[in-house]
Amino acid sequence: MSEKMVKKRENNSEKKKDIIIMVVISLIVLLQIVFQVLKAVGVVSEPALLKTKVKEIDMFGDAVLNVKEIDLNYGDSVDISFSGGYEIKNIPYYPAFYGRKGDTVISDYFDYIVVANVGGAFINKSDVKPGEKVTIKLNERKRFIEEYKAYDVDQDIEKWEGQTDEEFINAREVDEGTVVAGIIHRGSSPTNPDFNRMELMDEYIRNHGINCIINLSESMDTIKSVKNLPAHTKEMLDNGQIIGVGMGVDFQDEDTKKALGKALVEMTERKGPYLIHCSYGKDRTGVVIAILQALCGATYQEIEDDYMLSYKNLHNINMNPDSNQYPYIDMQAGARKYLLSCGMTDEQIDKLKSILEGK
């Protein structure tokens, strides 16, 4: 066989290989397109990422699943179906309950995987019950990765360099408006070991002569179940000086309002100084303190500055929002109206205001 014939055969063989490779690639692409089309019309679906059950409905009205880990990365999205018939698609997996109010997320924020409604109770829109079977399927990897990066800010359980103890525990006096200095304080939890702030909060409580603690985030049963409480906090618990509210984060929820109103009335029956706290003393605490500041005539600027101080203390974020966007709101009247909706009477609100003003 001539050299020319050999080269011709070699060229033909290479062409055949190229053609085969092109055909295989085209077939793979075609199959992917067909799969996506069939998936879109519901003929085929992603295999289940996880099958489990609803372990319980927690104090916030969210569904705690009977599993502690899931094969997801933060920013992935999933579809979830419950055996009771409720289904929800394309929800993000985050390390906390990020998003706009009403958004549904799946998170590993607590010990178990939780399906939660941001700023409200998941069961209010799903009617999911304990024991229901749950199927979780991957919707798309990294679907919410940019949103996750935007939401995720540092909230350390260890102090950073240059951070003071009081900044770390986000603790301070409240003295805006006509609130008398020293009567009311805000801060992190002295009863929750997960946030590494109990000992420092215990010291703060002792040093500032706190006589009554209003724990917004935990019930009395939960507080009493905590082992190794710091000495002074444990003494206050034994003496009945802690009010465990155990309220959710939706301040328009009727149960939340009822629990808050009851706690504030009980607070007026105790002697101060008072400490109001939740987990980090930022969100639930921030709203309650803002209501009390407004009741005592604090300006929007004063309330905003105090609230934003928590972001500096906890996240090292300094922001200057537009303080003039609500110049005509009667915040004092609004605070009173809200407290009335919590079940308090005008007389009880007046007593609360007098205590805050040191009268």
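Between Ala290 and Ile303, the shortest heavy-atom distance links the atoms CB-CG2, 3.7 Å. Contact between Val128 and Ile57 at its shortest, heavy atoms only, is O-CD1, 3.8 Å. Asp62 and Gly120 make their closest contact through OD1-O, 3.7 Å (heavy atoms, listed as atom of the first residue, atom of the second, distance). Shown here for Arg197 and Phe168, the closest heavy-atom pair between the two residues is NE-O, 2.7 Å. Scanning both residues, Leu340 and Thr345, for their nearest heavy atoms gives CD2-C, 4.0 Å. In plain terms, the two heavy atoms of Pro273 and Gly209 that are nearest each other are CD-O, 3.2 Å.
Using a 4.5 Å heavy-atom threshold, the side chains of Val174 and His185 count as separate. Counting only heavy atoms from C-beta outward, the side chains of Ile213 and His277 approach each other to under 4.5 Å. Residues Phe251 and Lys257 fail the side-chain proximity criterion, which asks for heavy atoms closer than 4.5 Å. Annotation: side chain of Tyr93 is not in contact with side chain of Val105 (no heavy-atom distance under 4.5 Å). You'll find the side chain of Leu292 reaches within 4.5 Å of the side chain of Ile184, heavy atoms only. Looking at heavy atoms from C-beta onward, Pro190 lies in side-chain contact with Ile205 at the 4.5 angstrom threshold. Counting heavy atoms from C-beta on, the side chains of Arg141 and Leu138 come closer than 4.5 Å. At least one side-chain heavy atom of Asn90 sits less than 4.5 Å from a side-chain heavy atom of Arg143.
Checking Asp250 against Thr256 by side-chain atom types alone, no donor-acceptor pair falls below 3.5 Å. With no hydrogens or angles considered, no side-chain donor-acceptor pair links Gln348 and Thr268 at under 3.5 Å. A donor-acceptor contact under 3.5 angstrom links the side chains of Ser310 and Asn170, judged on distance only. For the residue pair Thr222 / Ser219, a side-chain donor-acceptor distance below 3.5 Å is found, with atom types taken as modelled. A donor-acceptor pair shorter than 3.5 Å cannot be found between the side chains of Asn215 and Ser189. Lys125 and Asn117 share a donor-acceptor pair across their side chains, judged by distance under 3.5 Å alone.
Hydrophobic clustering of Ile, Leu, Val, Met, Phe, Trp and Tyr side chains at less than 4.5 Å, counting indirect connections, unites Val67 with Val78. Hydrophobic clustering (side-chain heavy atoms under 4.5 Å, transitive across Ile, Leu, Val, Met, Phe, Trp, Tyr) keeps Ile289 apart from Tyr300. Linking ILVMFWY residues whenever their side-chain heavy atoms come closer than 4.5 Å, directly or via other members, places Ile91 and Ile113 in the same cluster. Linking Ile, Leu, Val, Met, Phe, Trp and Tyr whenever their side-chain heavy atoms come within less than 4.5 Å leaves Ile243 and Met198 in two separate clusters. Hydrophobic cluster membership differs between Leu216 and Leu237, with clusters built from Ile, Leu, Val, Met, Phe, Trp and Tyr side chains linked at under 4.5 angstrom.
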task = Report the C-alpha distance between Ile136 and Ile70 in whole Å, list the side-chain angles of each, state the deciding distance to 0.1 Å, and finish with yes or no for side-chain contact (heavy atoms from CB on, under 4.5 Å).
result = CA-CA 10 Å; Ile136 301 175; Ile70 188 170; 3.9 Å; yes
key: Asp108 and Lys68: CA distance, side-chain angles, deciding distance, salt bridge (charged side-chain N to carboxylate O under 4.0 Å, His left out) verdict   = CA-CA 7 Å; Asp108 60 357; Lys68 295 187 176 183; over 6 Å; no
task = Quick one: do Leu264 and Met344 satisfy side-chain contact (heavy atoms from CB on, under 4.5 Å)? Show the steps, please.
result = CA-CA 8 Å; Leu264 292 177; Met344 296 181 72; 4.0 Å; yes
task = Any chance you could lay out the side-chain contact (heavy atoms from CB on, under 4.5 Å) test for Leu260 and Tyr338, step after step, and finish with the verdict?
result = CA-CA 11 Å; Leu260 177 59; Tyr338 180 78; 4.1 Å; yes
ask   = What do the steps show when you test His315 against Lys282 for side-chain contact (heavy atoms from CB on, under 4.5 Å), and what is the final call?
value = CA-CA 11 Å; His315 309 299; Lys282 177 168 67 74; 3.5 Å; yes
request  = Report the C-alpha separation of Lys312 and Glu167 in whole Å, then their side-chain angles, then the decisive distance to 0.1 Å, and conclude whether the salt bridge (charged side-chain N to carboxylate O under 4.0 Å, His left out) test is met.
outcome  = CA-CA 8 Å; Lys312 179 180 182 298; Glu167 287 173 340; 3.5 Å; yes
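Ion pairing of Asp79 with Lys137 is absent here, as no side-chain N (NZ or NE/NH1/NH2) approaches a carboxylate O to less than 4.0 Å. Looking at Asp238 and Lys234, a side-chain N of the basic residue comes within less than 4.0 Å of a carboxylate O on the acidic one, giving a salt bridge. With salt bridges taken as basic N to acidic carboxylate O contacts below 4.0 Å, one links Arg270 and Glu266. With respect to the salt-bridge test (charged N to carboxylate O, under 4.0 angstrom), the residues Lys129 and Asp127 qualify. Salt bridge absent: Arg186 and Glu173 never bring a charged side-chain N and a carboxylate O closer than 4.0 Å. Under the 4.0 Å criterion applied to side-chain N and carboxylate O atoms, Arg336 and Asp350 are assigned as salt-bridge partners. Ionic pairing of Lys353 and Glu357 is present here: one or more N-O contacts between side-chain nitrogen and carboxylate oxygen are shorter than 4.0 angstrom. Taking the charged nitrogens against the carboxylate oxygens, Glu203 and Arg206 have no contact shorter than 4.0 Å, which rules out a salt bridge.
For the pair His208 (side chain) and Tyr204 (backbone), a donor-acceptor distance under 3.5 Å is present. No donor-acceptor distance shorter than 3.5 angstrom exists from the side chain of Glu140 to the backbone of Ser77, with no hydrogens or angles considered. Distance alone, capped at 3.5 Å, places no donor-acceptor pair between the Thr135 side chain and the Ser81 backbone. The closest donor-acceptor contact from the side chain of Glu176 to the backbone of Gln293 lies at 3.5 Å or more, if one exists at all.
Ala96 is linked by a side-chain contact (heavy atoms from CB on, under 4.5 Å) to Tyr98, Tyr109, counting only residues two or more places apart in sequence or in another chain.
In this structure, SG in Cys296 is found 11.0 Å from CD1 in Ile183, a value given to the nearest 0.5 Å. Considering CD of Glu235 and CG of Asp202, their distance stands at 9.5 Å, rounded to 0.5 Å. Put simply, CD on Glu218 and CE on Met247 are 13.5 Å apart, with the number rounded to the nearest 0.5 Å. Note that CG of Asp165 is 4.5 Å distant from CG of Leu200, once rounded to the nearest 0.5 Å. The distance from atom CG of Asn211 to atom CG of Leu275, rounded to the nearest 0.5 Å, is 11.5 Å. In this structure, CZ on Phe122 lies 12.0 Å from CZ on Phe97, to the nearest 0.5 angstrom.
For Lys133 and Phe82, the positive end is not near the middle of the six-membered ring at less than 6.0 Å and at most 45° from its axis. Geometrically, Lys55 engages Tyr112 in a cation-pi contact defined by less than 6.0 Å to the ring centre and at most 45° from the axis.
Atom CG of Asn228 has 12 or fewer heavy atoms from other residues, nucleotides or ligands within 6.0 Å. More than 12 heavy atoms of other residues, nucleotides or ligands lie within 6.0 Å of CD in Glu269, so this atom counts as buried by the packing criterion.
Between Tyr148 and Tyr74, the ring planes are tilted. Angles from 30° to 60° get that label.
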